[in-house]
Amino acid sequence: MTSVLSTPGSAGSASAPGIDLGPAVALSCRECGNRVELGPYYACMECFGPLEVAYEFTLRGDALKQRIESGPANIWRYADLLPVPADVAQTPNMNPGNTKLIRADNLAKELGMRRLWVKDDSGNPTHSFKDRVVAVALAAARKLGFTVLACPSTGNLANAVAAAAARAGIRSVVLIPANLEQQKILTTAAYGGTLVAVDGNYDDINRLAGEIAAEQEDWAFVNVNVRPYYAEGSKTLGFEVAEQLGWRLPEQVVIPIASGAQLVKVDKGFTELGELGLVEPTPYKVFGAQATGCSPVSEAFKQGWDVVKPVRPDTIAKSLAIGNPADGPYVLDVTRRTGGAIEDVSDDEVIAGIKLLARTEGIFGETAGGVTIATLRKLLASGQLDPEAETVVFNTGDGLKTLDAIAGEVGPTATIKPTLGAFEAAGLA
Ligand SMILES: *Cc1c(COP(=O)(O)O)cnc(C)c1O
Ligand SMILES: [Zn+2]
């Protein structure tokens with residue numbers, strides 16, 4: 001077996017320094033289990049399968065719980081479970097996480113559910129869950145010697161990368177589809193990095209990013225060449241939900257799917273908490289949500305396939321518009337293993353979902369949130385999701401970034417002259 005700390009091809013140089021990424025000890029192939037040293041690698045050299053971070057955790061149980069509970073009020077309280085150096089909180093970063101877990105009794109009542117929570121990740125610094133994954137990718141990229149932070153993005157990742165690079169004082173290069181929501185283009189451009197609008201969809205851009213990454217050795221494409229580290233950031237969503245529930249796992253979670261990494265890593269987070277003795281390893285079901293206009297994983301689930309057939313996306317849920325999702329097969333594994341399901345909803349249902357969440361709970365989600373709420377409703381209607389079981393639904397982005405989606409749908413109740421007479425005449429009292 002290859003020593004996890006030696007460089008391939010440099011056998012004998014046992015003194016090759018290890019990269020300090022905390023409890024992370026190696027990268028391992030998700031398909032064949034082959035292990036390689038920590039480094040800027042993302043595909044297995046034996047079988048081309050995706051690599052993921054392997055750990056040797058030193059703390060567990062109450063000792064670990066105490067470390068977490070006395071840590072900072074952001075994702076770095078879980079640093080002992082992430083591929084980051086121990087001093088990660090001291091380096092300039094966005095300090096994401098610690099978003100609200102909101103008891104959604106009004107929405108639960110409307111849907112006929114007993115106990116429902118919304119994990120509202122729009123509360124992150126750039127208003128989506130992407131700040132979590134970028135923070136972990138940045139910490140690893142620094143240790144791996146990269147000098148530029150880059151990404152292909154469906155929108156929210158662009159915001160998160162540009163902002164994190166600005167805070168860190170390094171250059172960012174962000175590639176986005178030219179037809180992205182205006183709000184996401186402007187909020188990214190404001191951070192001052194290199195922003196490239198590409199005439200193509202996300203899947204075209206993702207391919208281009210892979211080609212650029214092969215040329216630019218100093219560029220860390222967070223979701224391409226440092227993807228194994230990036231993806232681990234989503235575990236913190238699972239960690240937070242469990243800690244906020246009082247170190248318990250919920251019985252059901254509903255999670256939106258773009259590449260599928262978030263869903264897969266929330267499951268990994270729940271599993272690790274059980275294995276490390278931080279929660280009772282109680283059973284839970286993981287449900288996935290897609291927009292019908294980009295639903296390759298939902299399609300594969302329903303057809304009983306093990307592989308995901310790529311599609312050309314056409315939906316207002318642009319943040320989820322990945323037609324060839326990298327983690328699709330693993331999403332199928334997780335949802336099937338846990339007894340969950342995957343469902344997809346129309347753009348009209350997405351808009352209704354946005355309005356339902358806003359009207360019942362005062363939470364204005366973006367289109368991805370609309371997808372998730374609408375999917376929750378559909379899974380209840382079909383009997384796949386149990387209304388009696390404690391459920392957490394994820395709102396992963398902010399409605400202010402997708403205003404066009406509801407621009408024709410909501411507006412003033414009335415427009416009047418500034419007189420009491422006009423107010424009364426409009427029947428508003
Ligand atoms: C990127 C994104 C997701 C899904 O992310 P994956 O890990 O790629 O599945 C969900 N919600 C929002 C708002 C996003 O921007
Ligand atoms: Zn392999």
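When a ligand or atom number is given, it counts from 1 through the structure's own listing order. We count residues from 1, following the sequence as given. It should be emphasised that the depicted structure is a prediction, and the values quoted were computed from it without experimental measurement. Below, all heavy atoms of this structure are taken into account, side chains as well, without hydrogens, waters or symmetry copies.
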What is the total of protein N/O/S atoms that are closer to the Zn ion (ligand 2) than 2.8 Å? 4
Give the ring-plane orientation class for Y78 versus F239, where under 30° counts as parallel, over 60° as perpendicular and anything between as tilted. tilted
Give me the residue, atom name and distance of the protein heavy atom closest to [atom].
atom: atom 14 (C) of ligand 1; value: K130 NZ, 2.9 Å
atom: atom 7 (O) of ligand 1; value: Q262 N, 2.8 Å
atom: atom 4 (C) of ligand 1; value: A258 CB, 3.6 Å

Looking only at side chains, do [X] and [Y] share a donor and an acceptor under 3.5 Å apart?
X: N159; Y: K401; answer: yes
X: Y55; Y: E232; answer: yes
X: N395; Y: D120; answer: yes
X: K119; Y: Q244; answer: yes
X: W117; Y: E390; answer: yes
X: T236; Y: R132; answer: yes
X: T292; Y: D344; answer: yes
X: D121; Y: T99; answer: yes

Evaluate the criterion side-chain hydrogen bond (donor to acceptor under 3.5 Å, both in side chains) for residue pair S319 and E366; output intermediate values, then yes/no. CA-CA 9 Å; S319 57; E366 72 146 80; 2.5 Å; yes
Element-labelled atoms of ligand 1 that are located less than 4.0 Å from some non-hydrogen atom of G260: 6 (P), 8 (O), 9 (O)
What do we get for [X] next to ligand 1 when only non-hydrogen atoms under 4.0 Å count, side chain, backbone, both or neither?
X: L320; answer: side chain
X: N156; answer: side chain
X: A261; answer: both

Against ligand 1, does P256 come closer than 4.0 Å with any heavy atom? yes
Sidechain-backbone polar pair: K265 side chain, G233 backbone, donor-acceptor under 3.5 Å: no
For ligand 1 and [X], I'd like to know whether there is a polar contact (N/O to N/O, distance under 3.5 Å).
X: S259; value: yes
X: F129; value: no
X: T396; value: yes
X: E366; value: no

Is there a side-chain hydrogen bond (donor to acceptor under 3.5 Å, both in side chains) between S346 and D348 once you walk through the steps? CA-CA 5 Å; S346 71; D348 284 346; 5.2 Å; no
